[in-house]
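Down below is the structure, laid out as structure tokens.
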Amino acid sequence: SGAEIGYIITSSDVTEIYMEQKRIEEQRDLLDTTFSASPDIIWYKDGNGKYLAVNPRFASLLGKSPDEIRGRTVEEVIPEHLRQAFVDNDILAIKNGAPLYTEEHLTFADGHTEVVDAVRRPIFDANGALSGVLGVARDVSQRVAVESELRETQLELREAVEDANRANQSK
């Protein structure tokens, strides 16, 4: 007759689902914090060459915010003087299917320069298709400067030894 005769009430325990979501959020927050706080330059591009994620250090290279870079390609955000090397190194890493290690000289948007050790690693899915390229670059300017000074000192010492040997032979 369509008259109400009562209610059916059901309940489900969603504690496990809630706890899993909370764990995932905590891991995401930790990853975001680590990514943002890293002193290294970090970027990730999809298989079409669009930046999916860059950390603030990468963004400082270009004088932009990470949001201004996300979703754009190298051609859209990388200055012309750096562009070709970025493209060539990505292509080489993808072609070899292995990490590519390079030493690069970068000029940042604020005008300072750094020598970086960079590694680009192609990422492939379970079917072997290219998913993207992950890149990390670390400032090694200080190490390079010290190595250069050591080489100069070694050359000076070698010349001093040769001069001393010539002087001894002249005697």
Side-chain angles (χ1 to χ4, degrees), residues 30-125 128-171:
L30 177 62
L31 182 59
D32 286 345
T33 299
T34 303
F35 188 71
S36 294
S38 176
D40 293 336
I41 299 168
I42 306 172
W43 66 97
Y44 183 72
K45 297 192 309 188
D46 68 14
N48 296 319
K50 288 188 178 181
Y51 288 99
L52 297 179
V54 300
N55 71 343
R57 183 94 161 90
F58 182 96
S60 73
L61 170 66
L62 306 177
K64 299 182 183 303
S65 73
D67 288 337
E68 291 176 293
I69 299 167
R70 201 172 295 116
R72 298 181 185 250
T73 64
V74 168
E75 293 78 16
E76 294 173 306
V77 295
I78 302 295
E80 194 170 337
H81 70 280
L82 296 173
R83 189 176 303 148
Q84 195 59 50
F86 271 60
V87 170
D88 291 347
N89 288 334
D90 285 348
I91 290 170
L92 191 55
I94 293 166
K95 178 182 169 189
N96 292 336
L100 174 69
Y101 298 89
T102 58
E103 183 177 281
E104 301 173 27
H105 296 260
L106 301 177
T107 301
F108 282 67
D110 66 5
H112 86 277
T113 60
E114 293 180 11
V115 180
V116 299
D117 277 344
V119 60
R120 287 169 173 79
R121 179 181 182 86
I123 307 296
F124 299 96
D125 66 17
L130 179 69
S131 293
V133 176
L134 172 67
V136 178
R138 173 163 289 166
D139 181 8
V140 293
S141 302
Q142 192 170 16
R143 186 198 76 205
V144 169
V146 168
E147 288 172 352
S148 179
E149 284 181 39
L150 284 173
R151 278 192 293 278
E152 288 176 24
T153 301
Q154 286 174 331
L155 287 172
E156 290 171 3
L157 287 172
R158 187 173 296 135
E159 289 174 10
V161 167
E162 289 172 0
D163 289 346
N165 286 338
R166 281 193 291 275
N168 283 337
Q169 286 176 353
S170 294
K171 288 182 188 179

TODO: Answer yes or no: is there an ion pair linking E162 with R158, defined by an N-O contact shorter than 4.0 Å?
DONE: no
Task: N-O pairing of R138 and D40 below 4.0 Å - done: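 Salt bridge: yes.
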With distance as the sole test, does [X] use its side chain to make a donor-acceptor pair with the main-chain N or O of [Y] at under 3.5 Å?
X: N48; Y: K50; result: no
X: T153; Y: E149; result: yes
X: R57; Y: P39; result: yes
X: S148; Y: A145; result: no

So how far is it from [X] [atom1] to [Y] [atom2], rounded to the nearest 0.5 Å?
X: W43; Y: D90; atom1: CH2; atom2: CG; value: 7.5 Å
X: H105; Y: H81; atom1: NE2; atom2: NE2; value: 12.5 Å
X: I91; Y: N96; atom1: CD1; atom2: CG; value: 12.0 Å

Just so I know, are the side chains of [X] and [Y] near enough to count as touching, which here means a heavy-atom distance under 4.5 Å?
X: L62; Y: P79; result: yes
X: L61; Y: E114; result: no
X: E75; Y: V87; result: yes
X: Y44; Y: I123; result: yes
X: K64; Y: V54; result: no

Task: Which atom of F86 lies closest to which atom of V74, heavy atoms considered - done: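 Closest approach of F86 to V74, heavy atoms only: CB-CG1, 4.3 Å.
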- [ ] State, to 0.1 Å, how close A93 and P122 come at their nearest heavy-atom pair, and which atoms those are.
- [x]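 Looking at all heavy atoms of both residues, the closest pair is O-CG, 3.4 Å.
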Task: Within 6.0 angstrom of R70 CZ, more than 12 heavy atoms from elsewhere - done: yes
Task: Donor-acceptor side-chain pairing of D139 and S141 below 3.5 angstrom - done: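 Indeed, the side chains of D139 and S141 share at least one donor-acceptor pair under 3.5 Å.
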- [ ] Measure up the F58 and Y51 rings against each other and bin them: parallel (under 30°), tilted (30 to 60°), perpendicular (over 60°).
- [x]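 Correct class here is tilted.
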